Amino acid sequence: MDIEDIQSVKQRFGIIGNAPSLNRAIEVAMLVAPKDSTVLITGESGSGKESFSKIIHQLSHRKHGEFIALNCGALPEGTIDSELFGHEKGAFTGATEARKGYFEVTDKGTIFLDEIAEMPLETQARLLRLLENREFIKVGSSKIRKTDVRVVAATNVDLWKHVEDGKFRKDLYYRLSTIPIYVPPLRERGDDILLLFRKFSSDFAEINRAKPLVLDEQAQHLLMGFRFPGNIRQLKNIAEQMSVMESDRFISAETLRRYLPANQSNYLPALVNQQDRINANTSDSFSERDLLYKVLFELKRDVAELKKIVLGMGAGPGVERQSPVYAKPDSLMPTVPHAHDTHTDDESDDDGYLSYVGNEGRASKKTLNIDTIDDITHEMEDESFSLQKNEKEMIVKALKKNSKKRKDAARDLGISERTLYRKIKLYDIDE
């Protein structure tokens with residue numbers, strides 16, 4: 001596809017940047033737009049996935065039809081079926097009249113389902129039927145209805161991991177991912193970071209009737225090296241903060257550093273490609289894992305101290321201290337006496353201590369006291385509670401900062417509104 005065509009689409013939809021991975025994503029969107037294939041857009045939160053759904057709709061033959069963007073994580077689980085497929089009068093308490101669902105409203109148009117991984121399994125089964133047969137049934141009805149709607153889905157998590165965990169239907173996964181589009185995170189887009197910053201700075205300067213911000217060379221390098229877990233949305237917020245707060249329009253690295261969150265610095269690991277991103281995503285959602293980074297690093301010091309306790313643990317009464325071989329994983333394994341073992345000493349093995357294989361490969365008794373091990377176990381459990389306590393405190397602070405508005409608090413925390421709601425219930429947080 002001609003590069004001029006890609007630049008034309010960028011200008012039309014306000015997309016800024018020249019990174020090859022960004023251009024490739026736009027090219028795929030342009031190629032698939034005239035077709036009716038289902039599209040799955042993947043990318044981190046704040047990377048601009050919704051813009052690609054608009055490209056697909058506006059360049060298709062459905063451009064004169066309805067376009068609706070929905071966040072599946074923001075739709076309450078109890079009403080999501082009614083919202084998407086509609087309901088009949090009296091279908092449930094409060095259903096005083098029949099209502100059309102979004103799939104019926106967007107007939108001949110396009111519906112964009114963001115955070116598709118948050119969709120309940122029951123609703124996933126309904127969606128699969130709609131994609132396969134273009135049929136659906138309203139809540140409280142037995143009548144089959146038809147709709148001609150194109151579905152574009154998006155997710156910021158590893159959807160296949162959800163399939164393996166039983167949280168997402170495998171058949172729906174394959175049906176949605178007919179055409180995958182990967183939107184790269186901001187940290188993978190190189191000089192696009194500076195281009196976007198200049199654009200945001202210019203926009204806010206016009207709004208505030210001031211001169212645009214200018215970064216010196218060191219500040220540019222600092223900004224380019226930042227990890228940007230919030231991607232474009234976070235960069236825009238930083239540009240707006242400095243535009244309002246700084247009277248000096250020439251920004252140094254020292255000034256910029258005050259606006260870069262310390263707990264989101266570039267010392268955290270950056271995923272450099274999609275495969276690394278998928279392999280590293282081992283939690284329920286990538287955003288939720290980012291939320292826990294801070295508290296995990298705070299526990300690092302305590303874990304190190306715990307290791308020192310184990311390494312420096314003293315011997316039992318009357319036994320010389322020994323150092324086990326830690327280079328091999330099986331070097332600190334308890335030894336179990338066989339029935340034919342013969343003991344020459346007068347002491348019983350059942351004395352509250354465990355034996356382990358020491359440096360010379362022989363069993364050494366009375367080195368690890370079971371009572372001491374119990375203490376360590378309890379200490380590790382306390383760390384688990386500490387992790388929950390810190391997470392709860394972060395959620396409370398975010399709610400307080402945003403005047404208890406869940407949507408804004410969830411955005412600051414980098415998690416979905418549904419995940420935030422679940423954690424509020426889990427920790428019994430008083431709103």
Side-chain angles (χ1 to χ4, degrees), residues 14-19 21-22 44-48 184-272 277 286-287 289-301 304 390-391 393-403 408-415:
I15 298 176
I16 298 173
N18 298 307
S21 53
L22 176 67
E44 296 178 11
S45 178
S47 57
L186 187 57
R187 62 180 171 275
E188 293 181 9
R189 291 175 52 180
D191 292 339
D192 288 359
I193 296 174
L194 299 180
L195 292 175
L196 285 163
F197 181 85
R198 282 197 286 268
K199 173 64 168 63
F200 295 145
S201 174
S202 178
D203 291 345
F204 292 126
E206 185 176 348
I207 294 172
N208 299 320
R209 297 180 181 178
K211 292 182 178 180
L213 298 174
V214 178
L215 300 176
D216 68 14
E217 187 174 351
Q218 289 185 341
Q220 290 180 23
H221 282 99
L222 179 61
L223 194 68
M224 291 276 289
F226 188 67
R227 186 172 174 271
F228 285 109
N231 290 290
I232 297 173
R233 188 182 296 123
Q234 185 178 19
L235 176 62
K236 185 175 182 179
N237 289 344
I238 292 172
E240 183 175 8
Q241 290 175 25
M242 288 196 294
S243 295
V244 173
M245 302 298 294
E246 295 298 325
S247 55
D248 187 356
R249 313 313 285 176
F250 193 74
I251 305 299
S252 65
E254 183 179 354
T255 301
L256 175 60
R257 193 172 284 108
R258 295 201 299 265
Y259 294 89
L260 300 180
N263 63 325
Q264 296 173 358
S265 70
N266 54 344
Y267 295 106
L268 293 176
L271 307 179
V272 296
R277 178 177 56 85
F286 187 77
S287 301
R289 186 189 62 187
D290 277 350
L291 169 63
L292 296 176
Y293 261 133
K294 181 177 184 295
V295 288
L296 287 174
F297 277 109
E298 288 176 356
L299 293 177
K300 183 179 179 181
R301 181 184 64 255
N390 286 330
E391 184 178 24
E393 289 176 355
M394 291 177 68
I395 292 172
V396 170
K397 288 178 181 178
L399 288 169
K400 185 177 180 181
K401 173 188 172 185
N402 293 282
S403 302
D408 296 334
R411 185 182 63 245
D412 286 351
L413 291 169
I415 60 178

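Because the structure is a prediction, the values reported are computed rather than measured. All values below come from the heavy atoms of this structure, side chains included, with hydrogens, waters and symmetry mates left out.
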Atom CD of Gln241: over 12 foreign heavy atoms under 6.0 Å: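 Yes - once you tally the heavy atoms of other residues, nucleotides and ligands closer than 6.0 Å, there are more than 12.
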Greater than 12 external heavy atoms within 6.0 Å of Glu393's CD: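 Check passes, neighbour count above 12.
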What distance separates [X] [atom1] from [Y] [atom2], expressed to the nearest 0.5 Å?
X	Y	atom1	atom2	answer
Arg249	Ile251	CZ	CD1	7.0 Å
Phe200	Met242	CZ	CE	12.0 Å
Leu256	Phe226	CG	CZ	9.0 Å
Lys397	Leu413	NZ	CG	11.5 Å
Leu186	Lys236	CG	NZ	13.5 Å

How about [X] and [Y]: do any of their side-chain heavy atoms sit closer than 4.5 Å?
X	Y	value
Asp191	Asn18	no
Leu222	Leu215	no
Ile238	Leu260	yes
Ile16	Asp192	no

Stepwise side-chain contact (heavy atoms from CB on, under 4.5 Å) test for Leu196 and Arg189: CA-CA 11 Å; Leu196 285 163; Arg189 291 175 52 180; 4.1 Å; yes
Between the side chain of [X] and the main-chain N/O of [Y], is any donor-acceptor distance below 3.5 Å?
X	Y	value
Ser201	Leu213	yes
Ser202	Lys199	no
Asn208	Ala210	no
Asn231	Arg233	no

Mind listing the closest non-hydrogen atom pair of [X] and [Y] along with its distance?
X	Y	result
Leu235	Ile193	CD2-O, 3.7 Å
Gln234	Pro261	NE2-CG, 3.9 Å
Ser243	Phe204	OG-CB, 3.6 Å

Chi angles and distances behind the salt bridge (Lys or Arg N to Asp or Glu O under 4.0 Å) call for Glu44, Arg187: CA-CA 11 Å; Glu44 296 178 11; Arg187 62 180 171 275; 2.5 Å; yes
Step-by-step salt bridge (Lys or Arg N to Asp or Glu O under 4.0 Å) determination, Arg258 to Glu246: CA-CA 11 Å; Arg258 295 201 299 265; Glu246 295 298 325; 3.2 Å; yes
Polar contact flag, side-chain donor to acceptor under 3.5 angstrom, Asp412-Asn402: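 Their side chains do contain a donor-acceptor pair, which is all the 3.5 Å distance test asks for.
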For Ser252, all residues meeting side chain to side chain donor-acceptor pair (under 3.5 Å), sequence neighbours excluded: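 Counting only residues at least two positions away or on another chain, Ser252 forms a side chain to side chain donor-acceptor pair (under 3.5 Å) with Thr255.
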